[in-house]
Peer 1: 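Before we start, here is the structure in question, set down as structure tokens.
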Amino acid sequence: MTPATAQAGLDTVILDYNDVIGLQPTTDQWLRLAHTALRPKEDLPALQNALWNARSAYDAGQLSDLAYWATVLGHHPGARRLRELRDADTDMWTSTDDRVVQVLEYAHESGLPLVLLSNAPRHLSDVLDRQPWRRLMTRAFYSARLQVCKPDPAAYQHAMNATGADPDRVLFADDRADNCHAARRLGLHTLHYTGRPTDLAAALQSPN
């Protein structure tokens, strides 16, 4: 993709973070979290299940860090362990796919506005806002700040209101099919991202 072709047919691109720009956690990162939670590695699946069961409320800003980790662990961690758990969790979600960032660099250089719309808790949102790639984004919206998660239509509406663009000239890219379906119902073009940066580059040139 070249800067000259990046914005053909589009006024704005709204992007998810995790599993689009951001990479999935490694096994070592998951094991670090289990160790920090004082769980043996054999208990990692149970820990992951507890983490995901409470994650939507955490991402929506309905649970504080303490309330979230108390729910996950089944007891209140001390202040020091709470910080360690939060840091280990945050570290899991801050690695990025350099190939995707390069695609977004081209789009940014072309003048195509890029908007981030991510389900993320407050602390992670603050950390993501300090990452180098964040400069590529015109605006960034996080569920904990909005108090609503995708695929709730209200989450998309916040991003759309900021762009001022016609939905028919907006591309929404997300790794989750349900999030894409919700965006499509609002009239946006969508890309169900499955890990191929070339698909994102092609969609930026010619939305479906």
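Side-chain atoms are counted along with the backbone in the values below, which use heavy atoms only and exclude waters and symmetry mates. Residues: numbered from 1 along the sequence shown.
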Peer 1: Mind checking what makes side chain to side chain contact (heavy atoms under 4.5 Å, CB included) contact with Thr138, not counting sequence neighbours?
Peer 2: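 Scan of Thr138 (side chain to side chain contact (heavy atoms under 4.5 Å, CB included), adjacent residues dropped) gives Pro113.
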
Peer 1: Could you list all the ring-ring contact (aromatic ring centres under 6.0 Å, His included) pairs where at least one residue sits in residues 60-92, not counting sequence neighbours?
Peer 2: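 Sorted result for residues 60-92: Tyr58-Tyr68.
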
Peer 1: Side-chain contact, heavy-atom cut-off 4.5 Å: Gln131 with Thr96?
Peer 2: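 Side-chain contact under 4.5 Å: no.
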
Peer 1: If we ignore hydrogens and angles and just use 3.5 Å, is the side chain of His189 paired with the main-chain N or O of Asp168 as donor and acceptor?
Peer 2: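 Yes.
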
Peer 1: Is the backbone of Arg122 close enough, under 3.5 Å, to the side chain of Arg145 for a donor and an acceptor to pair up by distance?
Peer 2: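 Pair absent, no side-chain N/O of Arg145 close to backbone of Arg122.
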
Peer 1: Any heavy-atom pair between the side chains of Leu124 and Met92 that's under 4.5 Å?
Peer 2: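 A side-chain contact is absent here, since even the closest heavy-atom pair is not under 4.5 Å.
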
Peer 1: Would a 4.5 Å heavy-atom cut-off, applied to side chains only, mark Arg32 and Asp91 as touching?
Peer 2: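 Yes, side chains in contact.
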
Peer 1: Establish whether Leu112 and Val101 are linked, either directly or via other cluster members, by ILVMFWY side-chain heavy-atom contacts under 4.5 Å.
Peer 2: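 In one cluster: yes.
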
Peer 1: Are the side chains of Ser95 and Gln29 in touch, meaning some heavy atoms are under 4.5 Å apart?
Peer 2: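 A side-chain contact under 4.5 Å exists here.
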
Peer 1: Among residues two or more places apart or on two chains, list those pairs meeting ring-ring contact (aromatic ring centres under 6.0 Å, His included) that have a residue in residues 125-155.
Peer 2: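 As it turns out, the ring-ring contact (aromatic ring centres under 6.0 Å, His included) pairs with a partner in residues 125-155, which skip direct neighbours, are Tyr17-Trp133.
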
Peer 1: List in chain and number order the residues that pass salt bridge (charged side-chain N to carboxylate O under 4.0 Å, His left out) with Asp152, two or more places apart in sequence or in another chain; answer none if no residue qualifies.
Peer 2: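 Testing Asp152 for salt bridge (charged side-chain N to carboxylate O under 4.0 Å, His left out), a comparison that skips the adjacent residues, returns none.
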
Peer 1: Mind checking whether Arg135 and His108 have side chains closer than 4.5 Å, heavy atoms only?
Peer 2: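 Touching, per the 4.5 Å side-chain cut-off.
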
Peer 1: Using salt bridge (charged side-chain N to carboxylate O under 4.0 Å, His left out) as the criterion, list what pairs up with Arg176, not counting sequence neighbours.
Peer 2: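 Result, salt bridge (charged side-chain N to carboxylate O under 4.0 Å, His left out) vs Arg176: Asp178.
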
Peer 1: In the structure I gave you, are the side-chain heavy atoms of Leu128 and Thr94 within less than 4.5 Å of one another anywhere?
Peer 2: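 Counting from C-beta outward, Leu128 and Thr94 do come under 4.5 Å.
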
Peer 1: Pick out which of Asp16, Leu200, Leu116 makes a side chain to side chain contact (heavy atoms under 4.5 Å, CB included) with Ile21.
Peer 2: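 Among the candidates, only Leu116 passes.
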
Peer 1: For the CG atom of Leu171 and the CG atom of Leu188, what is their distance to the nearest 0.5 Å?
Peer 2: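 Reported to 0.5 Å precision, the distance equals 8.0 Å.
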
Peer 1: State whether the side chain of Ser110 and the backbone N or O of Ala107 hold a donor-acceptor pair below 3.5 Å, judged by distance alone.
Peer 2: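 Yes.
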
Peer 1: Do Phe172 and Leu186 pass the side-chain contact (heavy atoms from CB on, under 4.5 Å) test, and can you show the C-alpha distance, the side-chain angles, and the key distance before you say yes or no?
Peer 2: CA-CA 11 Å; Phe172 173 76; Leu186 294 173; over 6 Å; no

Peer 1: Apply side chain to side chain contact (heavy atoms under 4.5 Å, CB included) to Gln24 and list each qualifying residue two or more places apart in sequence or on a separate chain.
Peer 2: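 Gln24 satisfies side chain to side chain contact (heavy atoms under 4.5 Å, CB included) with Asn18, Asp19, Trp93 only.
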
Peer 1: Is any side-chain heavy atom of Arg83 closer than 4.5 Å to a side-chain heavy atom of Asp65?
Peer 2: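 SC-SC contact between Arg83 and Asp65 ruled out.
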
Peer 1: Who are the side chain to side chain contact (heavy atoms under 4.5 Å, CB included) partners of Ala60, not counting sequence neighbours?
Peer 2: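 Partners of Ala60 by the side chain to side chain contact (heavy atoms under 4.5 Å, CB included) criterion, ordered by chain and then number, come out as Gln62, Cys149.
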
Peer 1: Closer than 3.5 angstrom, by distance alone: can the side chain of Asn119 be matched with the main-chain N or O of Lys150 as a donor-acceptor pair?
Peer 2: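 At least one qualifying donor-acceptor pair exists.
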
Peer 1: Less than 4.5 Å apart, side chain to side chain, heavy atoms only: is that true for Val170 and Val115?
Peer 2: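 SC-SC contact between Val170 and Val115 ruled out.
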
Peer 1: Sequence neighbours excluded, which residues qualify as salt bridge (charged side-chain N to carboxylate O under 4.0 Å, His left out) partners of Arg99?
Peer 2: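 Listed in chain order: Asp97.
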
Peer 1: How far apart are the closest heavy atoms of Arg134 and Ala140, and which atoms are they?
Peer 2: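 So the minimum-distance heavy-atom pair works out to NE-CB, 3.4 Å.
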
Peer 1: Which pairs would a plain distance check flag for residues 154-164, meaning a side-chain donor or acceptor within less than 3.5 Å of a matching protein atom at least two apart in sequence or in another chain?
Peer 2:
unit_1 : atom_1 : unit_2 : atom_2 : d
Tyr156 : OH     : Asn179 : O      : 2.7
Gln157 : NE2    : Asn161 : OD1    : 3.0
Asn161 : ND2    : Gln157 : O      : 3.3
Thr163 : OG1    : Met160 : O      : 2.9
Thr163 : OG1    : Ala165 : N      : 3.1

Peer 1: Give me each pair satisfying ring-ring contact (aromatic ring centres under 6.0 Å, His included) with a member in residues 23-50, each pair once, sequence neighbours excluded.
Peer 2: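 Applying ring-ring contact (aromatic ring centres under 6.0 Å, His included) to every pair that reaches into residues 23-50, excluding sequence neighbours, yields nothing.
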
Peer 1: Would a single hydrophobic cluster contain both Leu31 and Val72, if residues Ile, Leu, Val, Met, Phe, Trp and Tyr are joined by side-chain heavy-atom contacts under 4.5 Å?
Peer 2: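 Same cluster: Val72 reaches Leu31 through Ile, Leu, Val, Met, Phe, Trp or Tyr contacts under 4.5 Å.
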
Peer 1: With Arg184, which residues qualify under salt bridge (charged side-chain N to carboxylate O under 4.0 Å, His left out), at least two apart?
Peer 2: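 Listed in chain order: nothing, the list is empty.
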
Peer 1: For Asp43, what residues pass the side chain to side chain contact (heavy atoms under 4.5 Å, CB included) criterion, not counting sequence neighbours?
Peer 2: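 In terms of side chain to side chain contact (heavy atoms under 4.5 Å, CB included), with neighbours along the sequence ignored, Asp43 is linked to Arg39, Pro40.
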
